[in-house]
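Everything on this sheet refers to the single structure shown next.
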Protein chains: 2
Amino acid sequence: MSYVLSGKRTISEETRRRVRASIRELGYRPHAGARALASSRSNVLALMIPLRSGIAVPVVMQFAMSVVTAARRHDHDVLLLTQEEGEDGLRRVADSALVDALIVMDVQMEDPRLPLLRSLDRPSVLIGFPADAEDLTCIDLDFHAAGAVCVEHLAGLGHREVALIGSPPEVYARRTGFAQRVADGFGAAVREHGLTGGVHPCEATPEAARALVARLLAERPGLTGILVHNEPVVDTVVRALRANGRAVPHDVSVVAICPDEMAEHAEPPLSCVAIPAQEVGGRAVELLMGKLGGESVPAATLLPPTLTPRASSAPAPR
Amino acid sequence: MSYVLSGKRTISEETRRRVRASIRELGYRPHAGARALASSRSNVLALMIPLRSGIAVPVVMQFAMSVVTAARRHDHDVLLLTQEEGEDGLRRVADSALVDALIVMDVQMEDPRLPLLRSLDRPSVLIGFPADAEDLTCIDLDFHAAGAVCVEHLAGLGHREVALIGSPPEVYARRTGFAQRVADGFGAAVREHGLTGGVHPCEATPEAARALVARLLAERPGLTGILVHNEPVVDTVVRALRANGRAVPHDVSVVAICPDEMAEHAEPPLSCVAIPAQEVGGRAVELLMGKLGGESVPAATLLPPTLTPRASSAPAPR
DNA sequence: GTGAAAGCGCTAACAT
DNA sequence: ATGTTAGCGCTTTCAC
């Protein structure tokens, strides 16, 4: 009998002690495969992460690391899959019982992996929200609210004409949930507050950002507030504004949706809604553990955005 | 008998066909745990990656992705471990037979994991070189040569006074192999070519980089060539030079050791030695597969650096 | 409270 | 070329 027995049986103190001692002396380690075979639990989670253009690498890395760390707290390991592997990859690791459960990131509005995840006999959690989340467990920052709260911040400072410099066009083309939702939230708040403002996808290159800023300033002289949702170009946007004779925040206020440290170290420090990668990753694992334990967990978890005001936003010039 | 048999036995075409058909119809998937138990091969590799300060995140991500991709080509999966788990983590996954082999990154000159890796009964490959690589298989860009080749490039352009803006101080304090070696290669080449030049660690923040550039220019008026080995601040260094009245490359030439796309998109595009993350990751897996197959593989693989000249370096002003 | 034994689903060795 | 069987090292059930 598996002695240590994870306490599934009553054991006398004496025996427990003796067994423990032997385990230490012999350097005994249970064989993961045997354990998985006998218990039909591998104690491994699959994590599928994107490796494509338009996705901010440091954020993905933070997610991955927080998932691994959280999984370890629950005595689980993490198997890394690339988006490239797609549905077949998920099916493979699930059906072979290599993993007990799955976490997928970078969810698109209509994601081809959804039917598979629904049909799989193993629990899964999505980081991100598809258009139809029926029967799925999802968690993410509330990007709609994030877009809106940024607009409200600018509106509260008296700005009347704003713009969203968004993710690269291909991200919208793929209908990636979070980019879409920021744009929606931005648009809704713009309307609600009676502002004017549009959404401008932007390639993640300095050249593209500079060109876009120049065009925006030329076409919309009244523009005084910009929301940037495109990590790689936030710095460039600010510098391009300056290069075009606009001081930040004196002439134009800038708000970003990006990791906090990035915003802190910018010049000037940026008002931003941070992406709580740490918390999302950790909570995703908690949800999965709940499902593995047979609990019923909330189908949707939307983390409320927090806007941290910094030096990049100020009252609108008059 | 395990029918498909991975061709370990001669099978008639007829039987093979029938078996294949059934597999498809029944949606059969071999149970990974059972397979691991019976064959003592899990077909999983462990990859331990750093999550600490001073390590360039995008590069780490590239490594990880190329390892996963390469592993899949060999029908293996990848288990992700954080540096935090340390020796115990490696021992755990190795001794429990969760993984067949291990890859560790971010190797320090005196790395506490080395004795463990040597004693483990499973093969491993290090991405990076410790001080003593005896009995270990290592692969990495030849950072010593990379440092030297940058100096040679500058020397060839007539520069006489150069500087290395290096990784953050804590990276040297940890005696992380690659940072150390760049500094060594830099120093050796400086001496060999009769130049003057020193090594200057730099925190990975814009402020630190700006301060350092200002100080260097003030203290060393003859400085005309800079090698940057600190991804996060390359852009800042160039801008700080301009802010101090030095045109790049007219007054000061800049060379970097960083990923190619970063160098390409910089303003101006930077002459650089690229970090071949893709190739290193792929080759690391090949080495591991060789060892798993009982082949003897080279103990040390040093990939020669390639310097790509771009607009940031030019003949020294006279 | 503890011992004994029946699998879990494969692979590999031994059959024919 | 193919059928048969003994484990691989655990977990869990059943007996005491």
Side-chain angles (χ1 to χ4, degrees), chain A residues 1-46 74-77 79 91-101 120-123 289 292-294, chain B residues 1-46 74-77 79 91-101 120-123 289 292-294:
Chain A
M1 175 87 74
S2 153
Y3 353 77
V4 194
L5 217 36
S6 39
K8 282 214 177 179
R9 188 150 108 171
T10 49
I11 296 264
S12 78
E13 195 45 56
E14 163 62 5
T15 311
R16 194 198 314 286
R17 207 192 42 66
R18 268 190 15 249
V19 171
R20 291 253 170 83
S22 309
I23 287 182
R24 202 141 320 127
E25 276 169 46
L26 305 180
Y28 168 83
R29 292 270 180 186
H31 185 288
R35 188 181 267 240
L37 178 56
S39 66
S40 50
R41 281 300 208 104
S42 66
N43 275 35
V44 175
L45 309 179
H74 293 270
D75 196 35
H76 280 244
D77 276 287
L79 200 80
R91 199 201 317 274
R92 180 174 59 79
V93 297
D95 287 354
S96 67
L98 226 192
V99 306
D100 295 333
L120 241 37
D121 50 338
R122 303 187 186 279
M289 291 301 151
L292 280 172
Chain B
M1 176 86 74
S2 154
Y3 354 74
V4 196
L5 215 35
S6 39
K8 281 212 180 184
R9 193 150 104 168
T10 51
I11 297 264
S12 78
E13 196 44 56
E14 162 62 7
T15 313
R16 194 197 315 286
R17 206 191 44 65
R18 272 193 7 256
V19 172
R20 290 254 170 82
S22 309
I23 287 181
R24 202 142 318 128
E25 276 168 45
L26 306 180
Y28 167 83
R29 291 272 179 186
H31 186 288
R35 187 182 268 243
L37 179 56
S39 66
S40 49
R41 281 299 211 102
S42 65
N43 275 34
V44 175
L45 309 180
H74 294 269
D75 195 35
H76 281 244
D77 277 287
L79 200 80
R91 201 199 318 274
R92 181 175 59 79
V93 297
D95 287 354
S96 67
L98 225 192
V99 305
D100 295 333
L120 241 38
D121 50 337
R122 302 186 188 280
M289 291 301 152
L292 281 171

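Numbered from 1 within each chain, the chains take letters A, B, ... in sequence-line order.
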Return the value, rounded to whole Å, for the distance between atom CG of L98(A) and atom P of dG9(C). 16 Å
Whole angstrom value for the distance that separates P of dC10(D) from CD1 of I23(A): 10 Å
A38(A) side-chain proximity, nearest of dG9(C), dT2(D), dT11(D): dT11(D)
Under 4.0 Å between any heavy atoms, over every strand shown, what does S40(A) touch: base, sugar-phosphate, or nothing? Just pick one. nothing
Over all atoms of both residues, closest heavy-atom pair of A94(B) and R122(B): O-NE, 2.7 Å
R29(B) CZ to dG9(C) P, in whole Å, measures 17 Å
Using the side-chain heavy atoms of T15(B), tell me which of these nucleotides is nearest: dT2(D), dT11(C), dT2(C). dT2(D)
Of the listed nucleotides dC8(D), dC10(C), dG1(C), the one nearest the side chain of L37(B): dC8(D)
Without decimals, in angstroms, what is the distance between R35(A) CZ and dC8(D) P? 19 Å
Please evaluate residues L45(B) and V99(B) with respect to the criterion side-chain contact (heavy atoms from CB on, under 4.5 Å), reporting the C-alpha separation (whole Å), side-chain torsions for both, the decisive distance (0.1 Å), and the verdict. CA-CA 5 Å; L45(B) 309 180; V99(B) 305; 5.8 Å; no
Taken to the nearest whole Å, CZ/R41(B) to P/dG9(D) is 16 Å
For the pair made of NE2 in H31(B) and C1' in dT11(C), what is the distance, rounded to whole Å? 15 Å
Could you state the OH-C1' distance from Y28(A) to dT11(D), rounded to the nearest angstrom? 11 Å
